[in-house]
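Accompanying notes for the structure given below.
None of these values were measured; they are calculated from a predicted model.
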Amino acid sequence: MKGIITLLLIVVLLAFAFAIGSQNDALVSVNYLIAQAQLRVSTLIAITLALGIVIGILVMLLSWLSLRVQLVAARTRLRKLTKE
């Protein structure tokens, strides 16, 4: 149930972000480290939102992987201790 509520909240926030972004048609100049581009504000919002989601998922996966390795190590130690 908690997962469904979280998913619905994320979908609502994404829809809200895209609705706000679609109302902004102004061009802005974006300076990258090696280039410069003229983008609409809505496109810039969508790109930064997507990058934020990808970075968040990567951080979550790294955290999950670390916890998974700790769990495997703890289970191995537990099996050794129960055999003794």
Side-chain angles (χ1 to χ4, degrees):
M1 185 67 180
K2 182 180 176 184
I4 294 172
I5 292 173
T6 304
L7 181 65
L8 286 175
L9 180 63
I10 290 171
V11 168
V12 168
L13 288 175
L14 286 173
F16 184 67
F18 285 116
I20 289 174
S22 68
Q23 297 298 319
N24 296 310
D25 292 333
L27 285 176
V28 292
S29 177
V30 180
N31 293 320
Y32 303 108
L33 292 175
I34 58 173
Q36 181 178 0
Q38 292 284 335
L39 297 173
R40 291 191 336 230
V41 175
S42 59
T43 306
L44 187 61
I45 288 173
I47 290 170
T48 55
L49 180 65
L51 282 174
I53 289 170
V54 168
I55 290 170
I57 288 173
L58 288 175
V59 168
M60 229 172 42
L61 285 175
L62 286 174
S63 174
W64 176 81
L65 183 61
S66 171
L67 289 173
R68 189 73 181 164
V69 167
Q70 289 177 4
L71 177 64
V72 168
R75 284 182 178 168
T76 304
R77 278 185 270 142
L78 182 62
R79 274 190 229 122
K80 278 185 180 180
L81 288 174
T82 54
K83 286 182 181 180
E84 291 179 357

* Less than 4.5 Å apart, any side-chain heavy atom of R68 and any of W64? -> yes
* Asked: Do the side chains of L65 and L61 get nearer than 4.5 Å, heavy atoms only?
  ->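 A side-chain contact is absent here, since even the closest heavy-atom pair is not under 4.5 Å.
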Got a second to check how far [X]'s [atom1] is from [Y]'s [atom2], nearest 0.5 Å?
X: T76; Y: L71; atom1: OG1; atom2: CG; value: 9.0 Å
X: L67; Y: L62; atom1: CG; atom2: CG; value: 11.0 Å
X: T43; Y: Q38; atom1: OG1; atom2: CD; value: 12.0 Å

* Expected output: side-chain T48 to main-chain L44 donor-acceptor under 3.5 Å ->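 Checked: pair present.
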* Is there a donor-acceptor pair under 3.5 Å between the side chain of T82 and the backbone N or O of L78? -> yes
Would you say [X] and [Y] are hydrophobically clustered, going by side-chain heavy atoms of ILVMFWY under 4.5 Å?
X: L7; Y: M60; answer: no
X: L49; Y: L13; answer: no
X: L14; Y: I57; answer: yes
X: V11; Y: F16; answer: no
X: L39; Y: L27; answer: no

* Asked: Do other residues, nucleotides or ligands put more than 12 heavy atoms under 6.0 Å from I4 CD1?
  ->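 Atom CD1 in I4 is not packed in, count stays at 12 or less.
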